[in-house]
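Notes follow the structure.
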Amino acid sequence: MTNAKDERRPAGELEAGVLAVLWAAGTPLTPAEVQAALPHDPARTTVTTTLTRLYEKGIAGRRRQGRGYAYFPVQDAPGLTALRMHSELERDADRETVLARFVARLSPDDEQLLRDLLEPEDR
C-alpha cells in the first residue's frame, strides 16, 4: 500500500511549481522560502536541486545570500515557452521540415500573427 507522499509527481510538475513561486514572488527567494510556498511540501534538498537545475538551464538566476543562494526567474512564461520551442527545434537535423510542419498546423490567426512578426509593415 502506498501513500500520497510515496507517489511520484508527473515529469516537470515540481519545476513548474517552483517557477510559479519565483514568478509570483517578484524578489529572489532562498530554497527554504520556495519550499514553504509550495503546496505539496517537497524536501528542501529536492527544491534546491530543482533550483540548481533551473539555474544551469538558464531559466533562473541566483545571487549569493548568506552561505547559500537566492533564486529569481530570468525567463517569463512566454520566454520559457520560446526557449522550449528552440530546444525542440535544435533536436532535429531537418529544421526545414520541422518548421514547415509547425507552420502548417497553425490556426489562420496564428499564421497571420507570425507573418506580421516576420514582415513588419515599416520595412
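Just so you know, these numbers come straight off a predicted model, no measurement behind them. Residue indices begin at 1 and follow the sequence shown. Any value given below was found using the heavy atoms of this structure, including those in side chains, with hydrogens, waters and symmetry copies removed.
- Take Leu113 and apply the side chain to side chain contact (heavy atoms under 4.5 Å, CB included) test, not counting sequence neighbours, and it matches Leu117.
- Atom CG of Leu89 and atom CZ of Phe102 lie 9.5 Å apart (nearest 0.5 Å).
- Applying the salt bridge (charged side-chain N to carboxylate O under 4.0 Å, His left out) criterion to Arg84, with sequence neighbours excluded, gives Glu15.
- Atom OG1 of Thr45 sits about 8.5 Å away from atom CD of Gln35, to the nearest 0.5 Å.
- A continuous path of Ile, Leu, Val, Met, Phe, Trp and Tyr side chains, each step under 4.5 Å between heavy atoms, connects Tyr55 with Leu83, placing both in one hydrophobic cluster.
- The cluster map of Ile, Leu, Val, Met, Phe, Trp and Tyr, joined by side-chain heavy atoms under 4.5 Å apart, puts Met85 and Leu106 in the same cluster.
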Report the C-alpha distance between Val18 and Tyr71 in whole Å, list the side-chain angles of each, state the deciding distance to 0.1 Å, and finish with yes or no for side-chain contact (heavy atoms from CB on, under 4.5 Å). CA-CA 10 Å; Val18 167; Tyr71 293 83; over 6 Å; no
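- With values rounded to the nearest 0.5 angstrom, Thr46 atom OG1 is found 10.5 Å from His40 atom NE2.
- For residues 102-117, the set of pairs meeting the salt bridge (charged side-chain N to carboxylate O under 4.0 Å, His left out) definition, not counting sequence neighbours, comprises Glu111-Arg115.
- Follow the hydrophobic side-chain contacts under 4.5 Å out from Leu118 and you reach Val103 in the same cluster.
- Proximity of Pro42 to Leu14: side-chain heavy atoms (C-beta onward) are separated by under 4.5 Å at one or more points.
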Please list, one pair per line, the donor and acceptor atoms closer than 3.5 Å that link side chains of residues 22-31 to other protein atoms, with sequence neighbours excluded.
from	atom 1	to	atom 2	distance (Å)
Trp23	NE1	Gln75	O	2.7
Thr30	OG1	Glu33	N	3.2
Thr30	OG1	Glu33	OE1	3.4

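- For the side chain to side chain contact (heavy atoms under 4.5 Å, CB included) test with Leu80, the passing option among Leu19, Val74, Leu54 is Leu19; the others fail.
- With respect to Arg53 and Glu56, no salt bridge is recorded, no charged nitrogen being found less than 4.0 Å from a carboxylate O.
- Listed by first then second residue, pairs satisfying salt bridge (charged side-chain N to carboxylate O under 4.0 Å, His left out) with a partner in residues 59-79 number zero, not counting sequence neighbours.
- Heavy-atom contacts from other residues, nucleotides or ligands closer than 6.0 Å to CD of Glu96 number 12 or fewer.
- Residues forming a side-chain hydrogen bond (donor to acceptor under 3.5 Å, both in side chains) with Thr97 (at least two apart in sequence, or on another chain): Asp94.
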